[in-house]
Each structure stands twice: as structure tokens, then as C-alpha cells.
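Computed from a predicted model, the values in this text were never measured in an experiment. Letters A, B, ... are given to chains in the order of the sequence lines, protein chains preceding strands, and every chain is numbered from 1. Only heavy atoms go into these numbers, but all of them, side chains included; no hydrogens, no water, no symmetry mates.
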Amino acid sequence: MAEKELQRSKSVLPIGTVMKLTDLTARQIRYYEEQQLVIPERTDGNRRMYSLNDIDKLLEIKDYLDDGINMAGIKAIYAQQKKRADDLQNETLTDSDVRRILHDEFLNISGLEPNSGAPLHSQRPLK
DNA sequence: GTTCTAACA
DNA sequence: TGTTAGAA
């Protein structure tokens, strides 16, 4: 199934097709690229070529926009998602690190106030 | 005909 | 974000 993933990552769509598929303007698509939200390939004469994954990403961005989220917010969302992905890797890796982390947290809990932190969590289990 | 960059009545 | 100008 890694085969299809590679195919979805193949950038073969010109911006014109992406516009039709996403209902976004070329201006917006290029702007989102500036914001590092999508990173299309550049083929021949400096033309952007998008992959199916890029299409999904853009459609997702469009949804966030419809929900009234601005560029900063969207960037924050992806930053948070990336961090979560990194955390997953860290957990998958060395379990001696897991012990170290648990150890650190233990020290923190034992030495801090009984403040029950209930901060503003904005989970996005979208997919 | 399409896309690119840069800039703004 | 729209739109436009000039080049590729």
C-alpha cells in the first residue's frame, strides 16, 4: 500500500486543474504556498505541479477557512499536528527515553502545586 | 492558451 | 484577496 502513497505524492497537476478541483483561485493557491501550507514541485519552466495529497491539503485548508480560521490559525493547526507526529515517533522509538520522560514528569508532579490544569485544548481529530 | 512574478486605482 | 502587466 506504500505504492499508492507514492502515486498520491506524484506532482502531476498544473495549477489550473487544482483550481477546478478545489474551487480556489490561483492567487490563493500560490499564497498558501508562501505560507508553507503546501509545497508543490516545480517542473519545467518553473511551473507548479501539485499532487493528489496537495489537493487534499488544499481542500482541508478550504474547510478551515470556511470555519473562520485565518492563516495564522491554520498554520498553528498544522504546527500542532506536526508536533503530535513527532511525539508519536518519540514514543515509538527508545523506550528508555519513555522512562526518562516518566521520571521527569514524576519529579514535576511531586514538586509542584496541586493545580489541576484544565487549559484550552482544541483537539482536531479530523481525517 | 496557461502559468509566473511582482505590484497596486 | 482581486486583478493586472509583462515575460516565459
Side-chain angles (χ1 to χ4, degrees):
Chain A
M1 300 181 187
E3 304 281 308
K4 296 181 180 177
E5 265 307 304
L6 286 177
Q7 294 176 0
R8 293 180 189 183
S9 297
K10 287 186 179 178
S11 302
V12 294
L13 310 171
I15 198 170
T17 304
V18 178
M19 289 174 64
K20 294 172 183 173
L21 263 40
T22 63
D23 285 303
L24 292 170
T25 66
R27 180 77 163 88
Q28 288 176 299
I29 298 171
R30 296 186 186 118
Y31 178 65
Y32 302 154
E33 177 186 2
E34 274 187 87
Q35 307 308 304
Q36 307 287 294
L37 296 180
V38 289
I39 322 106
E41 256 164 46
R42 293 305 187 100
T43 54
D44 56 325
N46 197 34
R47 282 184 154 71
R48 296 175 177 76
M49 297 298 273
Y50 299 84
S51 69
L52 296 179
N53 286 332
D54 291 330
I55 303 296
D56 281 355
K57 196 95 166 266
L58 289 170
L59 289 173
E60 203 174 304
I61 294 171
K62 213 187 85 175
D63 285 344
Y64 287 139
L65 258 35
D66 288 337
D67 287 346
I69 304 177
N70 55 42
M71 281 306 104
I74 294 179
K75 279 200 261 183
I77 291 175
Y78 284 111
Q80 177 235 38
Q81 281 188 4
K82 187 192 178 303
K83 186 188 182 305
R84 199 195 55 169
D86 290 345
D87 288 347
L88 272 178
Q89 286 186 37
N90 292 336
E91 289 178 39
T92 303
L93 292 178
T94 68
D95 61 358
S96 59
D97 275 343
V98 174
R99 295 195 207 119
R100 188 185 69 72
I101 294 174
L102 289 175
H103 180 258
D104 289 346
E105 289 194 10
F106 176 75
L107 292 179
N108 285 330
I109 296 175
S110 55
L112 296 177
E113 330 119 65
N115 184 340
S116 64
L120 11 82
H121 262 174
S122 54
Q123 300 285 46
R124 316 262 83 158
L126 230 174
K127 223 280 175 174

- Message: Set out, in order, the CA-CA distance, both residues' side-chain angles and the distance that settles side chain to side chain contact (heavy atoms under 4.5 Å, CB included) for A:Y50 and A:I29, then state yes or no.
- Response: CA-CA 10 Å; A:Y50 299 84; A:I29 298 171; 3.1 Å; yes
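Using a cutoff of 4.0 Å between basic side-chain nitrogens and carboxylate oxygens, A:K62 and A:D66 are not scored as salt-bridged.
In the set C:dG2, C:dT1, B:dC4, the nucleotide with an atom closest to the side chain of A:L65 is C:dT1. Comparing B:dT3, C:dT1, B:dT5 by their closest approach to the side chain of A:R48 singles out B:dT5. Comparing C:dG2, C:dA8, B:dT5 against the side chain of A:N46 picks out B:dT5 as the nearest.
With hydrogens and angles left out, the side chain of A:R30 and the base of B:dT5 share no donor-acceptor pair within 3.5 Å.
The separation between A:K62 atom NZ and C:dT1 atom C1' is 16 Å, rounded to whole Å. Rounded to whole angstrom, the span from the CE atom of A:M49 across to the C1' atom of B:dT2 amounts to 12 Å. Residue A:K20 contributes atom NZ, which lies 10 Å from atom C1' of B:dT2 at whole-angstrom precision. Rounded to an integer number of Å, the gap from CD of A:E33 to P of B:dA6 is 12 Å.
Summarising the base pairing, C:dG6 is matched to B:dC4 through a Watson-Crick or G-U wobble pair whose two defining distances lie under 3.5 Å.
Side-chain contact between A:M71 and A:L37 is present, with heavy atoms from C-beta onward closer than 4.5 Å.
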